[in-house]
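First listed ligand is number 1; within each ligand, the first listed atom is number 1. Both backbone and side-chain heavy atoms feed into the values below; hydrogens, waters and symmetry mates do not.
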Amino acid sequence: MDAIHQRVSLVLEYPVVFTRDLLAPASTVLVDVLCAREPDRRHRAVVIVDAGVAAAGSVLDALTAYAARHAAKLELAAVMTVPGGEAAKTAAVLDGIVQRLAELQIDRHSFVIAIGGGAVLDVAGYAAAITHRGVRLIRVPTTVLAQNDAGIGVKNGINAFSAKNFLGTFAAPFAVINDSSFLATLEPRDRAAGMAEAVKVAAVRDPVFFDWLVEHAGALAAFELIPVERMIRRCAELHLAHISGGGDPFETGNARPLDFGHWAAHKLEVLTDHRLRHGEAVAIGMALDARYSAFAGLLDEAALATFLTLLRTLRLPTWDAALEGPAVLAGLDEFRQHLGGELTITLLAGIGRGVDCRAVDLALVERSIVWLR
Ligand SMILES: NC(=O)c1ccc[n+]([C@@H]2O[C@H](COP(=O)([O-])OP(=O)(O)OC[C@H]3O[C@@H](n4cnc5c(N)ncnc54)[C@H](O)[C@@H]3O)[C@@H](O)[C@H]2O)c1
Ligand SMILES: [Zn+2]
């Protein structure tokens, strides 16, 4: 074959910063992050804010005051509010953002700063990734789920053609800033939902973290800030280690250990028209796959009981009526398509030990659903 063999190596590098009170005028964290690569410039930024965050607190006023105080380093080109939650992940919202970036003449040295839940970060990240083939993005996740999972990685996207995340790209952010103060205004449901991802990563990767979660489940359910911050940090560490050390940051392979519980979750979210939050759907999906793991002889019943008790103590659901009926099982095939070929799901071969499984016994899935009900 006559070919030039092209090989490009690429290093993706970005900080995930942990802080409190990011927008307090005296805090320099945001401008320090903006100036990390070019300290002597004034940096132009568009801020995209989750409407839920804007309504719950004083983020818009705080941004104006912050920009005034740090005007030497930050030029606030515009602040744009977009709908929060799944309503953000549409072509219409994407268009609105991209149009605004064009009007403001945002270039590849400017910044998009996205403040919000995972959904807003996903659409803003997608807009930033496709504008000029990539504008610098700083994510400021404001939910537990976004701080420990959705907001720290290399993916973005919107929903399309009735499928979750049908459009999107892999694109590393310039930086992520996790500010735990934002969590104060979260609804109880969203507080709990985000913890599902911590249970997930502990269950497949880290038995010590799992025991820690069990031990602190009461404090986490009461949303005590110190344990919540620790939970987020450990979950983020495990996630980031998976992205950098897993050998497959852009998910080209079939195995997705961090998608434990997610095949059913994706389906449940769509089936319930997003009545279930992502984390709630993940909790139910994990309960299903843990029950399946035990029926399949991989996980002992005591470990299953501990697992289900942890979910319930954290006020996460382990059942929804949408599990019944053929649609969830059909979700297995959609998950295979999403993976792009061979179906691989993650099961538990013990707490802290996720294993790939290629052959799924549909009768056993049904039995698990019946048992959970
Ligand atoms: N890109 C990824 O790698 C990745 C990974 C996992 C999940 N996700 C996506 O993340 C999304 C879920 O994100 P989520 O769980 O953060 O929820 P969300 O973005 O759907 O937000 C839930 C609700 O909380 C509101 N909100 C956000 N922050 C708030 C705050 N501080 N105070 C008050 N209200 C606030 C929002 O307005 C919204 O109404 C899903 O779309 C999922 O597909 C993406
Ligand atoms: Zn998830």
Side-chain angles (χ1 to χ4, degrees), residues 22-23 48-59 81-90 93 114-126 128-129 137 139-159 163-173 176 178-201 204 223 232 235-236 239-240 242-243 249-251 256-266 268-270 274-286 316 338 346:
L22 177 71
L23 297 177
I48 297 172
V49 182
D50 185 316
V53 179
S58 50
V59 65
T81 304
V82 297
E86 226 44 45
K89 292 177 58 166
T90 65
V93 173
I115 304 179
V120 165
L121 300 181
D122 266 357
V123 68
Y126 188 36
L137 171 72
R139 300 198 201 108
V140 181
T142 59
T143 65
V144 173
L145 184 114
Q147 294 195 354
N148 69 13
D149 178 314
I152 62 170
V154 294
K155 296 188 281 185
N156 58 51
I158 61 170
N159 305 325
K164 277 275 292 180
N165 306 323
F166 187 80
L167 297 174
T169 74
F170 288 97
V176 180
N178 273 343
D179 173 359
S180 59
S181 329
F182 278 112
L183 307 177
T185 55
L186 274 183
E187 277 183 32
R189 270 184 83 181
D190 289 304
R191 294 178 170 189
M195 298 190 204
E197 301 285 359
V199 174
K200 173 199 76 180
V201 79
V204 298
F223 216 65
I232 288 172
C235 183
H239 242 97
L240 292 167
H242 173 76
I243 294 168
F250 295 163
E251 302 177 351
R256 302 266 185 88
L258 296 196
D259 272 354
F260 173 54
H262 277 58
W263 73 264
H266 287 161
L268 286 170
E269 281 177 85
V270 174
H274 301 288
R275 171 175 54 76
L276 288 175
R277 301 276 203 251
H278 177 72
E280 293 170 339
V282 169
I284 296 166
M286 291 193 296
L316 286 162
H338 182 73
T346 301

Is any N or O atom of [X], backbone or side chain, closer than 3.5 Å to an N or O atom of ligand 1?
| X | result |
| --- | --- |
| Arg277 | no |
| His278 | no |
| Phe182 | yes |

[atom]: nearest protein contact (heavy atom, Å):
| atom | answer |
| --- | --- |
| atom 37 (O) of ligand 1 | Asp50 OD1, 2.6 Å |
| atom 20 (O) of ligand 1 | Gly85 CA, 3.3 Å |
| atom 32 (N) of ligand 1 | Thr185 OG1, 2.7 Å |
| atom 8 (N) of ligand 1 | Ala150 CB, 3.5 Å |
| atom 28 (N) of ligand 1 | Thr142 OG1, 2.8 Å |
| atom 11 (C) of ligand 1 | Ala119 N, 3.5 Å |
| atom 34 (N) of ligand 1 | Gly52 O, 3.9 Å |
| atom 6 (C) of ligand 1 | Asp149 OD1, 3.4 Å |

Which pair of heavy atoms, one from [X] and one from [Y], lies closest together, and at what distance?
| X | Y | answer |
| --- | --- | --- |
| Leu276 | Ile284 | CD1-CD1, 3.9 Å |
| Pro141 | Asn178 | CG-OD1, 3.2 Å |
| Leu316 | Ala283 | CB-CB, 3.8 Å |
| Val120 | Pro83 | CG2-O, 3.4 Å |

Can His239 and Asn148 be said to form a side-chain contact (heavy atoms from CB on, under 4.5 Å), step by step? CA-CA 8 Å; His239 242 97; Asn148 69 13; over 6 Å; no

Which atoms of ligand 1 are found less than 4.0 Å from any heavy atom of [X]?
| X | value |
| --- | --- |
| Glu86 | 40 (C), 41 (O) |
| Val53 | 27 (C), 28 (N), 29 (C), 30 (C) |
| Asp122 | 1 (N), 2 (C), 8 (N), 9 (C), 44 (C) |
| Lys155 | 1 (N), 3 (O) |
| Asp190 | 22 (C), 23 (C), 24 (O) |
| Thr143 | 14 (P), 16 (O), 27 (C), 28 (N) |

For ligand 1, does [X] get within less than 4.0 Å through its side chain, its backbone, both, or neither, judged by non-hydrogen atoms?
| X | value |
| --- | --- |
| Leu145 | side chain |
| Lys89 | side chain |
| Val154 | neither |
| Leu183 | neither |
| Lys164 | side chain |
| Leu186 | both |

Got a donor-acceptor contact below 3.5 angstrom from the [X] side chain to the [Y] backbone?
| X | Y | value |
| --- | --- | --- |
| Arg139 | Gly153 | yes |
| His262 | Phe260 | yes |
| Gln147 | Asp179 | yes |
| Asn156 | Thr169 | yes |
| Arg191 | Leu186 | yes |
| Asn165 | Ile158 | no |

Using 2.8 Å as the threshold, say whether any N, O or S atom from Glu197 sits that close to the Zn ion (ligand 2). yes

So do the side chains of His278 and Asp149 get within less than 4.5 Å of each other, counting heavy atoms only? no

Heavy-atom side-chain contact between Lys89 and Phe166 under 4.5 Å: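 No, every pair of side-chain atoms sits at 4.5 Å or beyond.
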
Walk me through whether Asp259 and Thr346 qualify under side-chain contact (heavy atoms from CB on, under 4.5 Å). CA-CA 7 Å; Asp259 272 354; Thr346 301; 5.7 Å; no

For the Zn ion (ligand 2), which N, O or S atom of His278 is at the shortest distance?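 This turns out to be NE2.
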
Which atom name does His262 have for its N/O/S atom nearest to the Zn ion (ligand 2)?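 Of all N, O or S atoms belonging to His262, NE2 is the one nearest the Zn ion (ligand 2).
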
Hey, what do you get for CD (Glu280) to CG (Asp190), rounding to the nearest 0.5 Å? 7.5 Å

For the CG atom of Leu145 and the CD atom of Glu197, what is their distance to the nearest 0.5 Å?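 Those atoms lie 5.0 Å apart.
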
Between Ala56, Gly151, Gly118, which one has a non-hydrogen atom sitting closest to atom 10 (O) of ligand 1?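 When every heavy atom of Ala56, Gly151, Gly118 is considered, Gly118 comes closest to atom 10 (O) of ligand 1.
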
